[in-house]
Amino acid sequence: MINASKFLAFFILVCLNYIFLSTQIWVWAPDLFIVFILFLTILMPKLPNTYIFIFYGFIIDLFFSNQPLPYTITFFLIGAQLNFSTIKWIQRSLLEQLLLIVLASILLNILLNFTNDYYLNIQARIVINPLMNALIWAGIFMTQ
């Protein structure tokens with residue numbers, strides 16, 4: 001039942017992202033998928049396998065990308081970094097978490113710029129999105 005609620009939340013985020021894309025709020029909005037996948041790692045008693053991260057990234061690419069590359073690669077790198085470390089994600093320092101989110105956001109937006117030609121103002125998103133993701137994650141970290 002828990003997995004069903006995770007997938008339901010994931011598809012609600014897909015719908016929200018479509019709304020953001022159609023209203024051009026997408027450029028100024030945080031990347032809900034990165035925040036969502038990292039928030040799931042907090043809720044799980046054990047870190048998920050790297051394949052789960054790849055699966056979520058591939059599903060997002062099917063909905064939002066011309067090629068199954070940007071989210072799949074970014075989520076693979078996030079999953080690999082989290083699974084190769086011995087410290088649980090929630091016990092990491094805030095600085096390390098923010099660095100991971102900012103670097104993953106920058107990489108993702110650069111890959112989206114290379115693979116998709118239908119996103120407008122992607123250059124502004126490369127700067128704004130990592131900062132928005134970091135601010136939201138700092139809020140999540142402070143409330144945990």
| What about Ile52 and Phe58, same hydrophobic cluster or not, with Ile/Leu/Val/Met/Phe/Trp/Tyr joined at side-chain heavy-atom distances under 4.5 Å? | yes

| note | Heavy atoms of Leu98 and Ala134 approach each other most closely as CD2-O, 3.4 Å

| Quick one: does Phe10's side chain get under 4.5 Å of Ile37's, heavy atoms only? | no

| field | Rounded distance [0.5 Å steps], CD1 in Ile128 versus CG in Leu131 | value | 8.0 Å

| remark: In this structure, CD of Gln81 is separated from CG of Leu99 (nearest 0.5 Å) by 10.0 Å

| Approximate separation, where rounding is to 0.5 Å, of Ser105 OG and Ile110 CD1 | 11.0 Å

| query | Do Tyr71 and Asp31 have a side chain donor and acceptor closer than 3.5 Å? | reply | yes

| Under 3.5 Å, is there a donor-acceptor pair between the side chain of Asn129 and the main chain of Ala29? | yes

| query | Within a strict 4.5 Å, meaning less than it, do heavy atoms of the Thr50 and Phe75 side chains meet? | reply | no

| query | What is the distance from atom CD1 of Ile126 to atom CD1 of Ile106, rounded to the nearest 0.5 Å? | reply | 9.0 Å

| Min side-chain heavy-atom separation Thr72-Phe76 under 4.5 Å | no

| task | Look only at the side chain of Asn17 and the backbone of Leu13, and say whether a donor-acceptor pair between them is shorter than 3.5 Å. | result | no

| message | Check the orientation of Tyr18 and Phe64. Use parallel for under 30°, tilted for 30 to 60°, and perpendicular for over 60°. | response | tilted

| field | Test item: Leu103 and Leu107 side chains (from C-beta on) under 4.5 Å apart, heavy atoms | value | no

| task | Would you check if Val14 and Phe33 make a side-chain contact, meaning some heavy-atom pair closer than 4.5 Å? | result | yes

| query | Side chains of Asn109 and Pro130: closer than 4.5 Å at any heavy-atom pair? | reply | yes

| said: Measuring from atom CD1 of Ile54 to atom CD1 of Ile59, what distance do you get when rounded to the nearest 0.5 angstrom? | reply: 12.5 Å

